[in-house]
Amino acid sequence: MSKGRVFSGARPTGRQHLGNFLGAIQNYVALQQDYDCVYCVVDLHALTTLSNTEHLVEWTREMALDWLAAGMDPQQSIIFVQSNVPQVTELHVVLSMVSSLGALLRLPTFKEKVRQQPDNVNYGLVGYPVLMAADILLYKADTVPVGVDQASHLEFAREVVRRFNHHFGRCWLSQRPSTPSSPRCWVLTAKQR
C-alpha cells in the first residue's frame with residue numbers, strides 16, 4: 001500500500017517560536033512516519049504581507065534550519081524554498097484563469113488581511129489562495145495540514161480543481177475534507193485513486 005502525500009508550507013515572516021512548534025512543526029515531524037511529505041518555506045506567500053523584505057532571506061534560511069533542528073528529516077521528506085521552483089508560479093498563472101475574483105474577494109482571510117493592512121492590499125494578497133492551490137496541485141498532495149484559518153482556502157482550491165477539470169478535462173483529483181488530526185489542524189484528502 002502506498003503512502004499518501006502531504007504538502008504543507010509556512011511563511012517566513014519572522015523568527016520561529018514555541019507557537020510555531022506546537023501549532024505546526026511537531027505535526028510536520030510526526031507526519032513523516034506515515035506519509036511522503038513535501039514541506040516548503042513559502043517565501044512568495046510571505047511577500048503578500050511584508051512591507052519590508054530586508055530580513056526575508058535570513059528568515060527563510062532560519063526557518064529551514066529550525067525545521068531541521070526540530071526533527072524534520074531530509075532523508076524522509078522533501079524540504080525546499082518555494083521561490084526556487086518556478087513551476088509553481090507558472091501553475092499559479094494558469095489556475096488564476098479559472099479562479100473567480102468574486103470568490104477570492106469574499107474569502108474571510110482576505111477580508112481580515114484588508115482590515116489589518118488597509119494600505120497594502122495587493123494582488124498577491126487577493127491571489128494567495130490561487131498560489132496555495134498551485135502549491136498543493138503541483139506536488140500532487142492528497143493531505144494538506146493547515147490551520148483552521150486556512151480551511152476556506154482549501155475549499156477554494158477544490159473549486160479551482162473543479163473549474164480547471166471542467167475547462168480542460170480531468171487533470172487533477174478533486175479533494176475532500178476529512179476529520180481533523182488535531183484540534184489545530186484540518187486535513188484535506190483526495191478520493192482514493
Side-chain angles (χ1 to χ4, degrees), residues 6-25 27-28 31 38-53 55-56 59-60 63 81-83 88-89 91-139 141-164 172 174-190:
V6 166
F7 175 86
S8 194
R11 295 180 320 130
T13 56
R15 300 281 311 202
Q16 298 292 281
H17 50 74
L18 184 59
N20 299 120
F21 178 77
L22 295 175
I25 298 170
N27 191 42
Y28 290 173
L31 287 169
V38 179
Y39 295 124
C40 180
V41 179
V42 290
D43 56 338
L44 296 175
H45 284 289
L47 295 173
T48 64
T49 56
L50 288 179
S51 57
N52 181 350
T53 59
H55 299 289
L56 184 58
W59 290 339
T60 298
M63 176 176 272
V81 176
Q82 182 183 40
S83 63
V88 75
T89 57
L91 183 55
H92 170 243
V93 169
V94 171
L95 294 178
S96 72
M97 303 305 167
V98 296
S99 297
S100 164
L101 181 58
L104 286 165
L105 295 173
R106 286 189 298 272
L107 287 169
T109 48
F110 173 72
K111 292 177 182 179
E112 180 61 27
K113 290 295 183 185
V114 168
R115 280 191 290 278
Q116 290 173 357
Q117 59 184 53
D119 296 328
N120 187 21
V121 180
N122 54 65
Y123 167 75
L125 194 60
V126 176
Y128 186 109
V130 182
L131 183 55
M132 183 175 166
D135 289 324
I136 294 165
L137 295 174
L138 185 62
Y139 300 102
D142 54 34
T143 304
V144 183
V146 296
V148 175
D149 62 323
Q150 299 286 306
S152 62
H153 288 190
L154 291 178
E155 180 55 37
F156 181 83
R158 291 178 66 210
E159 179 58 29
V160 169
V161 167
R162 284 190 290 271
R163 285 174 177 248
F164 188 92
W172 306 106
S174 183
Q175 299 156 339
R176 62 178 171 75
S178 71
T179 308
S181 62
S182 74
R184 296 175 179 233
C185 178
W186 286 87
V187 178
L188 187 76
T189 60

- Query: Are His92 and Asp135 close enough, and set up right, to give a side chain to side chain donor-acceptor pair (under 3.5 Å), and what steps lead you there?
  - Reply: CA-CA 8 Å; His92 170 243; Asp135 289 324; over 6 Å; no
Of all heavy-atom pairs between [X] and [Y], which one has the smallest distance, and what is that distance?
X	Y	result
Leu104	Ser99	CD1-CB, 4.4 Å
Ala141	Val6	CB-C, 4.3 Å
Leu91	Leu138	CD2-N, 3.9 Å
Pro12	Trp59	O-CE3, 3.5 Å
Asn27	Pro145	ND2-CB, 3.8 Å

- Item | Positive for side-chain contact (heavy atoms from CB on, under 4.5 Å) with Gln82, one of Val41, Thr89, Val42, Thr60 |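 Single side-chain contact (heavy atoms from CB on, under 4.5 Å) partner of Gln82 among Val41, Thr89, Val42, Thr60: Val42.
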- Could you point out which residue of Val93, Val94, Leu95 forms a side-chain contact (heavy atoms from CB on, under 4.5 Å) with Met97?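 Testing Met97 for a side-chain contact (heavy atoms from CB on, under 4.5 Å) against Val93, Val94, Leu95 leaves exactly one candidate, Val93.
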- Check the angle between the aromatic planes of Tyr28 and Tyr39 and answer parallel, tilted or perpendicular using the 30° and 60° thresholds. parallel
- Query: Do Phe110 and Val121 come close enough that some side-chain heavy atom pair is under 4.5 Å?
  - Reply: yes
How long is the gap from [atom1] on [X] to [atom2] on [Y], to the nearest 0.5 Å?
X	Y	atom1	atom2	answer
Leu56	Met63	CG	CE	10.0 Å
Phe21	Gln16	CZ	CD	11.5 Å
Ser8	Ile25	OG	CD1	10.5 Å
Leu47	Leu131	CG	CG	10.0 Å

- Distance-only polar pair, side chains of Ser83 and Asp43, donor-acceptor under 3.5 Å: yes
- Query: Val126 and Leu101: side-chain contact (heavy atoms from CB on, under 4.5 Å), yes or no, with the steps?
  - Reply: CA-CA 8 Å; Val126 176; Leu101 181 58; 3.9 Å; yes
- Answer yes when Glu159 and Arg106 have at least one side-chain N-carboxylate O distance shorter than 4.0 Å, and no when they do not. no
- Task: Report yes or no: does Asn120 contribute a side-chain atom to a donor-acceptor pair with the main-chain N or O of Gln117 at less than 3.5 Å?
- Result: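 No, because the side chain of Asn120 does not come within donor-acceptor range (under 3.5 Å) of the backbone of Gln117.
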- Message: Any side-chain to backbone donor/acceptor pair from Asn122 onto Thr48? Under 3.5 Å, distance only.
- Response: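 Looks like yes, one N/O pair under 3.5 Å.
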